[in-house]
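Per chain, numbering begins at 1; letters A, B, ... match sequence-line order. Predicted, not measured: the structure shown is a model, and the values here were computed from it.
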There are 2 protein chains.
Amino acid sequence: MLFADRIKQLREQKQMPQRQLAAALEIDTATYCKIERGERRAKREQVSTLADLLETDKDQLLNLWLAEQIYSVVKDEENAEKVLDIVHESVIEYKSGFKK
Amino acid sequence: MLFADRIKQLREQKQMPQRQLAAALEIDTATYCKIERGERRAKREQVSTLADLLETDKDQLLNLWLAEQIYSVVKDEENAEKVLDIVHESVIEYKSGFKK
DNA sequence: TTATATTTGCCAAATAATGTCAAGACAAAA
DNA sequence: TTTTGTCTTGACATTATTTGGCAAATATAA
């Protein structure tokens, strides 16, 4: 489950209306609705705010937020798994000090 | 090695000037230069054209092209690997028929 | 019904991406 | 040094994408 589904799940668990979250993010409820349905992307700072309001772990939620962005790149790709492997390799190389 | 580095490597192996590839892609050499340096993103169709000119496998090059896009999302992230794992999971779920 | 919540479509504004031009840097000759 | 060709950079205009709001439509309750 990625970001959009997750914040919806959390919100429903807490029985909060979208309106309340939208207000906290200072956006229209329609916009918030779109974020929850994956039609709009939340901003990074908004993820943090949401984690607070929904009382969930910031890092975990941020990971889902990032995952959703990546997913949108590969979701229709035949070789999605292979591509992810390639990136995984690059991340490891990067961390091992082979910067840039 | 991701897309940008790879096309540069191939071009140098074949000792072709950027000018030649730029012409084939119908873009300015400056633009091509930026693509090769990762400052601009090639279009999907351009990847195919490049694979032809550089005589390399299309799918493989396309994978690198996708990888580069993903990498740009997670490269500065602490939890890059974890995020990739999450996406990997989602991809598997998707393929297993749990559409949408 | 009435009230509240969510969703949708459309629009304008904001933001990001793209490509070109002109100039600069650089190396290898000549 | 001057020339030639290649590559790179920065500023800028153009284009494309994203964003959020509004209003209307559709649910969901009460």
Output the rounded distance in Å from [atom1] ([X]) to [atom2] ([N]).
X: A/I27; N: D/dG20; atom1: CD1; atom2: P; answer: 6 Å
X: A/D28; N: C/dA5; atom1: CG; atom2: P; answer: 14 Å
X: A/Q15; N: D/dA29; atom1: CD; atom2: P; answer: 11 Å
X: A/E39; N: D/dT18; atom1: CD; atom2: P; answer: 13 Å
X: A/Y32; N: C/dT8; atom1: OH; atom2: P; answer: 15 Å
X: A/R40; N: C/dT6; atom1: CZ; atom2: C1'; answer: 15 Å
X: A/K34; N: D/dC22; atom1: NZ; atom2: P; answer: 12 Å
X: A/I35; N: C/dT6; atom1: CD1; atom2: C1'; answer: 14 Å

(request) May I ask you to decide if A/K43's main-chain N or O and A/Q46's side chain share a donor-acceptor pair within less than 3.5 Å? (result)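 Answer holds: yes.
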(message) On a heavy-atom basis, which atom in A/A67 and which in B/I86 lie closest, and how many Å separate them?
(response)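 Heavy-atom minimum between the residues: CB-CG2, 3.7 Å.
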(request) Consider the side chain of B/Q46, meaning its heavy atoms from C-beta on, and name the nucleotide among C/dA5, C/dG19, C/dT18 that approaches it most closely. (result)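 Among the listed nucleotides, the one closest to the side chain of B/Q46 is C/dG19.
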(message) Under 3.5 Å, is there any donor-acceptor pair linking the side chain of B/R19 to the base of D/dG5?
(response)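 Such a pair does not exist between side chain and base.
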On the nucleotide [N], are OP1 or OP2 found under 4.0 Å from the side-chain N or O atoms that [X] carries?
X: A/R37; N: C/dT7; value: yes
X: B/Q20; N: D/dT6; value: no
X: A/R11; N: C/dT6; value: yes
X: B/T31; N: C/dT18; value: no

(request) Go through A/R6 and A/T56 one step at a time and tell me if the side-chain contact (heavy atoms from CB on, under 4.5 Å) criterion holds. (result) CA-CA 10 Å; A/R6 181 61 178 149; A/T56 192; 4.0 Å; yes
(message) Classify A/K43 by what it touches in the nucleic acid, base, sugar-phosphate, or nothing, heavy-atom distance under 4.0 Å.
(response)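 If one applies the 4.0 Å heavy-atom cut-off, A/K43 turns out to touch the sugar-phosphate alone, with no base involved.
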(message) On DNA chain D, compare the nucleotides closest to B/T29 and A/A30; which residue's is nearer the 5' end?
(response)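 Of the two residues, B/T29 wins.
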(message) I'd like to know if A/L50 and A/M16 are part of one continuous hydrophobic network [Ile/Leu/Val/Met/Phe/Trp/Tyr, side-chain heavy atoms within less than 4.5 Å].
(response)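 Linked within one cluster.
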(request) For B/E26, look at atom CD and say whether over 12 heavy atoms of other residues, nucleotides or ligands are found less than 6.0 Å away. (result)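 Not more than 12 within 6.0 Å, no.
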